[in-house]
Asker: 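Starting off with a structure, shown below.
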Amino acid sequence: MPKTKKEKEHLNKIADFGCLICHIKGFPKSPCEIHHIKYKNLGMSKKASSYEVLGLCPSHHRHGKESYHYSPKSFTEKWGSQEELLKLNLKLIGGV
């Protein structure tokens with residue numbers, strides 16, 4: 001499904017901001033990938049909207065032992081829930 005202009009603008013803001021976790025660690029503007037929030041009640045086939053995304057670098061998104069996809073539980077224990085991180089990411093980019 002094609003994204004609207006507003007959705008594309010939002011995703012670009014997230015990407016331009018960089019990895020949220022690297023920002024928290026003191027390394028702002030690191031290149032990032034878009035991570036769609038995973039909701040347990042949505043099931044495997046449903047994806048969060050284009051506004052329910054985090055910017056995560058490959059190391060925090062899907063590569064290595066600190067990545068969300070390596071261990072969602074460990075990632076959440078260290079950095080907080082995806083919902084908490086989403087609120088922070090939105091605040092830091094100036095909202096939706």
Asker: Is any side-chain heavy atom of Lys38 closer than 4.5 Å to a side-chain heavy atom of Pro72?
Answerer: no
Asker: In Å, rounded to the nearest 0.5 Å, how long is the span from NZ of Lys78 to OG of Ser71?
Answerer: 11.5 Å
Asker: Roughly how far, to the nearest 0.5 Å, is the CD1 atom of Ile37 from the CG atom of Leu85?
Answerer: 7.5 Å
Asker: Verify the cluster assignment for Tyr70 and Ile34: are they in a single hydrophobic cluster under the rule of side-chain heavy atoms below 4.5 Å apart?
Answerer: no
Asker: To the nearest 0.5 Å, what is the distance between OG (Ser59) and CD (Glu33)?
Answerer: 9.0 Å
Asker: Rounded at 0.5 Å granularity, tell me how far CG in Leu90 sits from CZ in Phe17.
Answerer: 11.0 Å
Asker: Within a strict 4.5 Å, meaning less than it, do heavy atoms of the Cys32 and Leu56 side chains meet?
Answerer: no
Asker: Give a yes or no on whether the ring-centroid distance for His35 and Tyr68 is below 6.0 angstrom.
Answerer: yes
Asker: Measure the spacing between CD1 of Ile93 and CG of Leu20 and express it to the nearest 0.5 Å.
Answerer: 10.5 Å
Asker: Before giving the answer on side chain to side chain contact (heavy atoms under 4.5 Å, CB included), spell out for Ile24 and Leu88 the whole-Å C-alpha distance, their side-chain angles and the decisive distance to 0.1 Å.
Answerer: CA-CA 10 Å; Ile24 292 168; Leu88 176 58; 3.9 Å; yes
Asker: Hey, mind stepping through Tyr51 and His10 against ring-ring contact (aromatic ring centres under 6.0 Å, His included) and telling me if it holds?
Answerer: CA-CA 7 Å; Tyr51 298 103; His10 177 72; 5.0 Å; yes
Asker: Would a distance-only check, ignoring hydrogens and angles, find a side-chain to backbone donor-acceptor pair under 3.5 Å from Ser67 to Gly64?
Answerer: yes
Asker: Judged by atom type as modelled, is there a donor-acceptor pair below 3.5 Å linking the side chain of Glu7 to the main-chain atoms of Thr4?
Answerer: yes
Asker: How long is the straight-line distance from NZ of Lys25 back to SG of Cys19, given to the nearest 0.5 Å?
Answerer: 8.5 Å
Asker: Donor-acceptor check, side chain of Asn89 to backbone of Gly55, threshold 3.5 angstrom: yes or no?
Answerer: yes
Asker: So do Phe75 and His69 actually touch side chain to side chain, heavy atoms under 4.5 Å?
Answerer: no
Asker: Under 3.5 Å, side chain of Glu52 to main-chain N/O of His36, donor-acceptor pair present?
Answerer: no
